[in-house]
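Structure record follows, encoded as structure tokens.
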Amino acid sequence: MAQTLMGSKGMDDYSELGKEVKVSEIDLELRKLWEQDEARTNASLMNLVVYTEKPGGLLENSRIISDLTRDNACRAILVEINRNEEASLRAWITAHCHLSHGQKSVCCEQIAFRLTGRVTGRFRNTVFSHLNSDLPLIFWWQGELSEVFTERLASVIDRLIVDSSGWGDVKGGFAKISEAAQSNAALVVQDLAWTRCWQYRVGIAGLFDDSVAQTILGDIGKIRILHNPSDRNTALQILAWLAVQAGWRISGKTHFETKNGQRIAVEVECSGNSAPIGLVELSSGATTVRVSREKGSTHLLREINCGDYHVSSLSPADPEAPADLVAQQLARGGKNSLFLKILPVFLELL
């Protein structure tokens, strides 16, 4: 397994992270790094902290940052924590450089930290003291939220990126974020589970521009969603989005109710042969509006069927890799207010 993650190198080989430096000399060493080559330009529009408690995650994230910095100029700060080892703190610096217009090399700084032992205070001080203070802080937390995620940490974050798909306690995770964020009303929370269904939401909304599809608005009797086992949260977030946007009330795990008391049957199916989201279908009588995706396909199929009337089109599918989803989030920005709107309904559906 280690060889799969790390290639031919061992878990203790951190040479990919650049030059190992003393924490107290990071700023000095970064200045030396830039003085070595005056042809390079240091570019940075944000602080991007990538946090992991996964062994080996530091090297994986350095490779991700190498790709992300092609389109997103940032000061990247990578953190790996292992609280089961004796206390220690190691740091490395490097720069990820990419050619601009085939001539000038544009580079982004990377500082990597590996902390072991009891780390809460050391972690905050280490990260906070190396932020570029003039730039916003985007914090990508990988995995389940741990005790390291505190109110003090949340208070300085501008945008928190998580992925609830891998959480064992989803309600507890969002409760922890809500509690920690009380001192930071401006905190933007982005769940990659929600990002994974963006093209589905765009596709469904776009199909209802069709006059035939519009005839079933207000008269939908059944919703079907098919998802892969690892993407249940994304499926439930689509369901929550439909309910919130249409003003439906949850009246059970298997049905919604409209404002007029009409019952809407809900079927959420799970299959290992499905794409992350394989199907979202809304139907009323003989009319169906559906967006589907075959496993492995890079496109969504959007369809309206009503008797002899059939309309179909293709659109791009959402990426699946977390790094690609983060790249989309960084490019898109926004306050993510729609996600906050559907969040209570999503938590109720869990």
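These numbers come from a predicted model, not from an experiment.
Taking the side chain as every heavy atom from C-beta outward, I250 and V345 approach each other to under 4.5 Å. The shortest distance between side-chain heavy atoms of S315 and R302 falls below 4.5 Å. The side-chain heavy atoms of K295 and S274, taken from C-beta on, include no pair separated by under 4.5 Å. The side-chain heavy atoms of L239 and V268, taken from C-beta on, include a pair separated by under 4.5 Å. Residues V280 and R201 are not in side-chain contact: their nearest non-hydrogen atoms beyond the backbone lie 4.5 Å or more apart. Using a 4.5 Å cut-off on side-chain heavy atoms (C-beta onward), Q237 and S164 make contact. Side-chain contact between W92 and E16: absent, with no pair of heavy atoms (C-beta onward) separated by less than 4.5 Å. Taking 4.5 Å as the limit, some side-chain heavy atom of H130 sits within range of a side-chain heavy atom of F113.
Around atom CD of E294, no more than 12 heavy atoms belonging to other residues, nucleotides or ligands sit under 6.0 Å away. The number of heavy atoms from other shown groups lying within 6.0 Å of CD (E179) does not exceed 12.
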Residues N61, Q142; criterion side chain to side chain donor-acceptor pair (under 3.5 Å); working and verdict:
CA-CA 10 Å; N61 287 331; Q142 297 178 336; 3.0 Å; yes
Before giving the answer on side chain to side chain donor-acceptor pair (under 3.5 Å), spell out for N260 and T258 the whole-Å C-alpha distance, their side-chain angles and the decisive distance to 0.1 Å.
CA-CA 5 Å; N260 298 324; T258 68; 4.9 Å; no
Side chain to side chain contact (heavy atoms under 4.5 Å, CB included) evaluation trace for I277 with L279:
CA-CA 6 Å; I277 299 297; L279 172 71; over 6 Å; no
Check the pair R224 / E269 against salt bridge (Lys or Arg N to Asp or Glu O under 4.0 Å), numbers first and verdict last.
CA-CA 8 Å; R224 286 181 61 215; E269 304 166 39; 3.2 Å; yes
Step by step, work out the side chain to side chain contact (heavy atoms under 4.5 Å, CB included) result for F139 and R159.
CA-CA 6 Å; F139 199 108; R159 187 176 299 271; over 6 Å; no
Working for salt bridge (Lys or Arg N to Asp or Glu O under 4.0 Å), residues E25 and R31
CA-CA 10 Å; E25 297 177 358; R31 283 198 297 274; over 6 Å; no
If you apply the rule disulfide (SG to SG under 2.5 Å), what do you find for C97 with C107, and how did you get there?
CA-CA 4 Å; C97 300; C107 305; 2.1 Å; yes
With side chain to side chain contact (heavy atoms under 4.5 Å, CB included) as the test, would you mind laying out the steps for R152 and R124 before giving the verdict?
CA-CA 8 Å; R152 187 175 173 190; R124 287 197 304 264; 3.2 Å; yes
Passes side chain to side chain contact (heavy atoms under 4.5 Å, CB included), T52 versus V79? Steps please.
CA-CA 6 Å; T52 182; V79 181; over 6 Å; no
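In this structure, L226 is not a member of the same hydrophobic cluster as V266, with clusters built from ILVMFWY side-chain heavy atoms closer than 4.5 Å. Following chains of ILVMFWY side-chain contacts shorter than 4.5 Å, one cannot reach L131 starting from L45, and the two form parts of different hydrophobic clusters. Residues V244 and V170 fall within the same hydrophobic cluster, defined by Ile, Leu, Val, Met, Phe, Trp and Tyr side chains chained together at heavy-atom separations under 4.5 Å. Cluster annotation: I111 is connected to L89 through the hydrophobic network of ILVMFWY side chains, with a link wherever side-chain heavy atoms come within less than 4.5 Å. The hydrophobic cluster containing I216 also contains V212, counting ILVMFWY residues as joined when their side-chain heavy atoms lie under 4.5 angstrom apart, directly or transitively.
Distance CD/Q199 to CG/L300: 6.5 Å, rounded to 0.5 Å. L236 contributes atom CG, which lies 7.5 Å from atom CD1 of I225 (distance to the nearest 0.5 angstrom). Distance NE2/H255 to CZ/R263: 4.0 Å, rounded to 0.5 Å. Between the CD1 atom of I65 and the SG atom of C74 there is a distance of 5.5 Å, given to the nearest 0.5 Å. Distance check, rounded to the nearest 0.5 Å: CG of L325 to CH2 of W198 gives 12.5 Å. In this structure, CG on L135 lies 5.5 Å from CG on N47, to the nearest 0.5 angstrom.
Using a 3.5 Å distance cut-off with no hydrogens or angles, the side chains of E109 and N132 do not pair a donor with an acceptor. A donor-acceptor contact under 3.5 angstrom links the side chains of H96 and Q110, judged on distance only. Under 3.5 Å, the side chains of S146 and E53 contain a donor-acceptor pair of N or O atoms. Of the N and O atoms on the side chains of N233 and S165, not one donor lies less than 3.5 Å from an acceptor on the other residue. Between the side chains of T195 and Q329, at least one donor-acceptor pair of N or O atoms lies under 3.5 Å. Side chains of N228 and S230: a donor-acceptor N/O pair is present below 3.5 angstrom, by distance only. Side-chain contact, S155 with N184: no donor N or O sits under 3.5 Å from an acceptor N or O.
Shown here for V127 and I77, the closest heavy-atom pair between the two residues is O-CD1, 4.3 Å. Of all heavy-atom pairs spanning S129 and T126, the tightest one is OG-O, 3.2 Å. Across G173 and L145, no two heavy atoms sit closer than the pair O-CD1, 3.4 Å. For L68 against A323, the heavy-atom pair with the smallest separation is CD2-O, 3.9 Å. Pairing each heavy atom of S292 with each of E303, the nearest pair is OG-OE1, 4.3 Å. Across all non-hydrogen atoms, the minimal contact from V291 to G203 is CG2-C, 4.0 Å.
Comment: K22 does not engage E29 in a salt bridge, judged by the lack of any side-chain N to carboxylate O separation of less than 4.0 angstrom. Using a 4.0 Å cut-off between charged nitrogen and carboxylate oxygen, R196 and D163 count as a salt-bridge pair. Taking the charged nitrogens against the carboxylate oxygens, E320 and R293 do have a contact shorter than 4.0 Å, which makes a salt bridge. Ion pairing between a basic and an acidic side chain is recognised when a charged N comes within 4.0 Å of a carboxylate O; K171 and E348 show no such pairing. Ion pairing between a basic and an acidic side chain is recognised when a charged N comes within 4.0 Å of a carboxylate O; E80 and R90 show no such pairing. Between K222 and E267 a salt bridge is recorded (basic side-chain N to carboxylate O distance below 4.0 Å).
The main-chain N or O of T234 is never found under 3.5 Å from a side-chain atom of D231 such that the two would form a donor-acceptor pair. The main-chain N or O of T116 is never found under 3.5 Å from a side-chain atom of N82 such that the two would form a donor-acceptor pair. Between the side chain of N336 and the main chain of V188, no donor-acceptor pair closer than 3.5 Å is present. Between the side chain of D158 and the backbone N or O of L137, at least one donor-acceptor pair lies under 3.5 Å. Between the side chain of Q214 and the main chain of F208, a donor-acceptor pair closer than 3.5 Å is present.
Classification of the F346-F174 ring pair by plane angle, with boundaries at 30° and 60°, yields perpendicular. Ring-plane geometry between F339 and W194 is classed as tilted, the angle between the planes lying from 30 to 60 degrees on a 0 to 90 degree scale. Ring pair Y51/F123 is perpendicular by interplanar angle, where above 60° counts as perpendicular and below 30° as parallel.
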